[in-house]
Amino acid sequence: MKYISTRGQAPALSFGDVLLAGLASDGGLYVPEQLPKYSTEEIASWASLSYQELAFKVMWPFVEGEVPAEEFKRMIDEAYAGFNHSAVAPMVQTDNNEWVLELFRGPTLAFKDFALQLLGRLMDYVLGQRGEKLVILGATSGDTGSAAIEGCRHSEHLDIFILHPYQRVSEVQRRQMTTVIDDNVFNIAVKGNFDDCQGMVKSSFADQSFLKGAKLGAVNSINWARIMAQIVYYFSSALAVGGPHRKVSFSVPTGNFGDIFAGYLAKQMGLPIDQLVVATNQNDILHRTIATNDMSRQALNVTLSPSMDIMVSSNFERLLFDAHGRDSAELADLMARFNAGDVTLNDEAWKYVKENFDSYKVDDARTCEVISEVFNSTQYLLDPHTAIGLEAARQCWKDKSVPMITLATAHPVKFPEAVEKAGCQSPSLPEHMKDLFEREEAYDVIDNDLAAVQGFVAERI
Ligand SMILES: Cc1ncc(COP(=O)(O)O)c(C=O)c1O
Ligand SMILES: N[C@@H](CCOP(=O)(O)O)C(=O)O
């Protein structure tokens, strides 16, 4: 499989090169040249597979040629062995035909573990084969950071630097990152917001001279391998509720547009999906774009769902590439216009986006009400991101005979503030995190300044 950049000026790469490259050298994002397509019969034949077997089926065409099949199977088995449910991504029914897909059963209690447990192993393998090292620079609004650290910390081939927005992640999220004291792990609290952190990561890819010859890698969903691993659970959950002989809809708490983009790809690969609902918090640029073709960037709000406090949604570029007929010149021009302040899509592109996605925005007050209502009626405790997803699902659901699956992207224990504001009791930390609040922390607070962050990195590699 070859991968091409959305902006058309970077070379087409193999899986291994894309895995290590992260962002394309022209500032674009890598996408597969062609997607594998499956018939209904073929997808139906996967119904009895374990999550790990299904993961191999779905991901193998993307990886083939780079990693031997047996090695890839081993990585998948190891990646999901640390999840605390044998189904890996179990489902819970919250109402008639309404389901929650629990994606928080991994070691850091958020959906990021699905991709990052695998990504760390894939990178380690490819780097080992090539005898290379990589400096990882990642940005997090709370969950990617700990999942990436957990996935990469044991690698001899990686140093990992994670930027989080100072005082804008929950305490549990911060401690999950900053209590990992390893020689190759560095946490930086940037006095800015997530968009600032993500901007610094992208700028660092554009000009890597500060690394003095070392190579930069990505753990954010700009890295294709992240998206690839997130496609699998769309298939597993659809199969669990009668797909592919029956259509299924999904509602996805959305920020950087990586998770829902994986759902869109599952649909392109043949999974019969009726609706894909983009659920946002007050930082609603994606909802405004889909509903009213307004892509204007507004000031970033601090919300009770901090992981979705994002205004610049990186993966939207991958969708816009398709919406413009995969014309990279047109896409590159569009991205330049966006950066210059033009904030609307042409009619055809907007139509494509609207045909593929529904959307809904939920504010903090309603988020708390949903947590409380669902808990009172089912005794099931949602995290604030999932509550936004469930509310959007209920508001946008067109055909109640089609099962609606909301992606539960994080465990509520990570967000006690929202849970308590909803009048519920925050659950206790799981066994492996019991002493989280007693552990020693290590992180540096740095100004919102690219040169300062790059200087910090350069001194430590
Ligand atoms: C808990 C949680 N929910 C939802 C999201 C949004 O996912 P995405 O950025 O892939 O849209 C994130 C962060 O990415 C998250 O950490
Ligand atoms: N919500 C994320 C932000 C980064 O998104 P990613 O999926 O591109 O890594 C987080 O919690 O860090």
Side-chain angles (χ1 to χ4, degrees), residues 40 43-44 47 51 87-105 111 114 230-255 257-281 284 286-287 290-291 305 308 353-362 366-367 369-412:
T40 304
I43 297 170
Y51 189 88
V88 183
M91 311 260 281
V92 170
Q93 188 162 10
T94 43
D95 209 332
N96 292 327
N97 228 5
E98 181 188 90
W99 304 82
V100 161
L101 173 61
E102 293 189 335
L103 299 176
F104 51 73
R105 299 297 196 128
F111 76 96
F114 277 84
Q230 292 172 198
I231 298 172
V232 178
Y233 44 71
Y234 287 91
F235 280 92
S236 72
S237 55
L239 284 161
V241 292
H245 293 305
R246 172 183 202 208
K247 281 192 172 187
V248 177
S249 291
F250 291 95
S251 176
V252 186
T254 296
F257 204 75
D259 211 8
I260 197 156
F261 185 72
Y264 161 84
L265 293 181
K267 186 175 172 183
Q268 307 296 313
M269 288 164 71
L271 187 66
I273 294 181
D274 193 30
Q275 287 182 265
L276 283 167
V277 179
V278 171
T280 76
N281 64 18
D284 63 348
L286 291 170
H287 170 55
I290 296 165
S305 43
M308 280 155 55
V353 171
K354 280 170 76 73
E355 275 169 6
N356 281 284
F357 297 92
D358 295 288
S359 67
Y360 196 75
K361 159 192 173 175
V362 183
R366 185 65 198 136
T367 303
E369 281 168 14
V370 174
I371 294 174
S372 165
E373 285 165 14
V374 171
F375 187 75
N376 290 336
S377 61
T378 64
Q379 298 295 294
Y380 189 74
L381 187 62
L382 301 169
D383 102 289
H385 306 80
T386 310
I388 289 170
L390 189 58
E391 174 69 355
R394 290 175 172 177
Q395 296 295 335
C396 295
W397 200 351
K398 288 179 186 149
D399 179 353
K400 292 280 168 86
S401 73
V402 174
M404 174 60 85
I405 301 172
T406 296
L407 273 55
T409 47
H411 192 287

Give every residue pair that meets the salt bridge (charged side-chain N to carboxylate O under 4.0 Å, His left out) criterion with at least one member in residues 371-383, sequence neighbours excluded. Arg366-Glu373

Euclidean distance, [Y] [atom2] relative to [X] [atom1], rounded to 0.5 Å:
X      : Y      : atom1 : atom2 : result
Ser237 : Glu102 : OG    : CD    : 12.5 Å
Thr280 : Ile290 : OG1   : CD1   : 8.5 Å
Phe111 : Thr409 : CZ    : OG1   : 6.0 Å
Phe250 : Ile405 : CZ    : CD1   : 4.0 Å
Tyr264 : Leu276 : OH    : CG    : 10.0 Å
Leu265 : Leu271 : CG    : CG    : 11.5 Å

A side-chain contact here means heavy atoms from C-beta on lying under 4.5 Å apart; do [X] and [Y] qualify?
X      : Y      : result
Lys247 : Asp399 : no
Phe235 : Val232 : no
Gln93  : Val241 : no

Considering residues at least two apart in sequence or located in another chain, which fulfil the salt bridge (Lys or Arg N to Asp or Glu O under 4.0 Å) criterion with [X]?
X      : result
Arg246 : none
Lys361 : Asp284
Asp358 : Lys398

Name all residues meeting the ring pair (Phe, Tyr, Trp, His ring centres under 6.0 Å) criterion together with Phe114; count only those two or more places apart in sequence or in a different chain, and write none if there are none. Tyr51, Tyr80, Phe83, Tyr233

If the condition is ring pair (Phe, Tyr, Trp, His ring centres under 6.0 Å), which residues does His287 pass it with, not counting sequence neighbours? none

Here the ring pair (Phe, Tyr, Trp, His ring centres under 6.0 Å) pairs for residues 379-400, sequence neighbours left out, are His385-Phe415

Looking at every non-hydrogen atom in both residues, tell me the closest pair between [X] and [Y] and how far apart they are.
X      : Y      : result
Gln275 : Cys396 : NE2-O, 2.8 Å
Asp274 : Lys267 : O-NZ, 4.3 Å
Gly255 : Leu286 : O-CD1, 3.8 Å
Val100 : Ala408 : CG1-CB, 3.4 Å
Ala279 : Ser251 : CB-OG, 4.2 Å

Under the side chain to side chain contact (heavy atoms under 4.5 Å, CB included) test, which residues partner [X], sequence neighbours left out?
X      : answer
Ala262 : Ile227, Gln230, Ile231, Tyr234
Gln395 : Tyr360, Glu391
Ala47  : Leu239
Ala387 : Thr367, Val370, Ile371, Leu382

Apply side chain to side chain donor-acceptor pair (under 3.5 Å) to Ser377 and list each qualifying residue two or more places apart in sequence or on a separate chain. none

Treating Asn97 as the side-chain partner and Lys400 as the backbone partner, does any N or O pair qualify as donor plus acceptor under 3.5 Å? yes

